[in-house]
Amino acid sequence: VVDSTWTGTAGTNATLATGAVVAMYATVQEALDAANAQTGAYSILINEGANAGLYAENITFPSGLASTEFIHLIGEGQKKITIGLTTGDACTFASGSPVYYLKNIRFRGAASTGHSVTSSTTNISAHFEDCEFDRSVSADFSGASFRRCEFDEGYDVDSGDTPATVLFSDCDFDGLS
């Protein structure tokens with residue numbers, strides 16, 4: 001679980017009100033780095049925490065996630081979680097091996113040159129649901145889907161992406177000319 005109000009050591013176990021025991025992190029990147037050592041499916045829940053759900057950090061899914069089957073990155077509620085700085089790319093995929101599932105997250109990015117989502121690898125299998133992208137999405141997706149997502153600056157199909165393998169369902173595209 002990621003919660004910006006967490007002040008303990010990253011990865012320390014905490015018992016939730018439901019009785020579930022979870023590892024706690026103050027940043028999304030700390031949780032992603034911890035997932036790098038895991039195998040099997042791995043879920044990261046992001047709480048709204050402080051700053052109205054703003055996680056002022058650019059994140060990179062580590063390349064070592066290849067041994068992980070699925071990575072779930074899930075925000076607490078729709079339009080409550082924002083990831084990214086006003087510089088650089090908000091989210092970068094460094095490995096195409098696991099299947100990524102992202103839900104309820106708004107991705108920022110630099111106003112002039114940054115992307116909301118980009119990649120440093122190819123053939124990424126990612127599924128986005130109820131996400132918002134303030135800047136363009138420019139990554140080499142293979143078997144990706146976007147469901148009920150908002151694209152404020154569009155989807156970049158001119159960067160080697162494979163739009164034939166990308167599915168859009170009930171999405172809103174703003175800023176297109």
[X] [atom1] to [Y] [atom2] distance, which is reported to the nearest 0.5 Å:
X: S145; Y: H127; atom1: OG; atom2: NE2; answer: 5.0 Å
X: D3; Y: T27; atom1: CG; atom2: OG1; answer: 11.5 Å
X: F168; Y: C149; atom1: CZ; atom2: SG; answer: 9.0 Å
X: N104; Y: R148; atom1: CG; atom2: CZ; answer: 9.0 Å
X: I44; Y: L102; atom1: CD1; atom2: CG; answer: 9.5 Å
X: S136; Y: D89; atom1: OG; atom2: CG; answer: 8.5 Å

So, do [X] and [Y] sit near enough that their side-chain heavy atoms are less than 4.5 Å apart?
X: W6; Y: V1; value: no
X: F93; Y: I71; value: no
X: F146; Y: V166; value: yes
X: Q78; Y: E129; value: no
X: H115; Y: F133; value: no

Apply side-chain contact (heavy atoms from CB on, under 4.5 Å) to E132 and D152, showing your working. CA-CA 8 Å; E132 183 176 349; D152 293 342; 3.2 Å; yes
Relative to the ring of F151, is the ring of F173 parallel (under 30°), tilted (30 to 60°) or perpendicular (over 60°)?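 Rings of F173 and F151: parallel, under 30°.
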Would you call the rings of F107 and F128 parallel, tilted or perpendicular, taking 30° and 60° as the class edges?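 Aromatic pair F107/F128 classed perpendicular.
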Do E48 side-chain atoms and K80 backbone N/O form a donor-acceptor pair below 3.5 Å?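 No: the side chain of E48 does not pair with the backbone of K80.
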Please step through side-chain contact (heavy atoms from CB on, under 4.5 Å) for the pair T12 and M24, ending with a clear verdict. CA-CA 6 Å; T12 299; M24 297 294 299; 5.5 Å; no
Would you please test I83 and I46 for side-chain contact (heavy atoms from CB on, under 4.5 Å) and show each step? CA-CA 10 Å; I83 294 175; I46 307 170; 4.1 Å; yes
Salt bridge (charged side-chain N to carboxylate O under 4.0 Å, His left out): pairs with one or both residues in residues 104-127, sequence neighbours excluded: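 Only R106-D134 qualify under salt bridge (charged side-chain N to carboxylate O under 4.0 Å, His left out).
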Give the table of side-chain donor-acceptor pairs shorter than 3.5 Å for residues 52-61, with sequence neighbours excluded, one pair per line with atom names and distance.
from, atom 1, to, atom 2, distance (Å)
Y55, OH, S4, N, 3.1
Y55, OH, N47, O, 2.7
E57, OE1, Q29, N, 3.1
E57, OE2, V28, N, 2.8
N58, OD1, L85, N, 2.9
N58, ND2, T87, O, 2.7

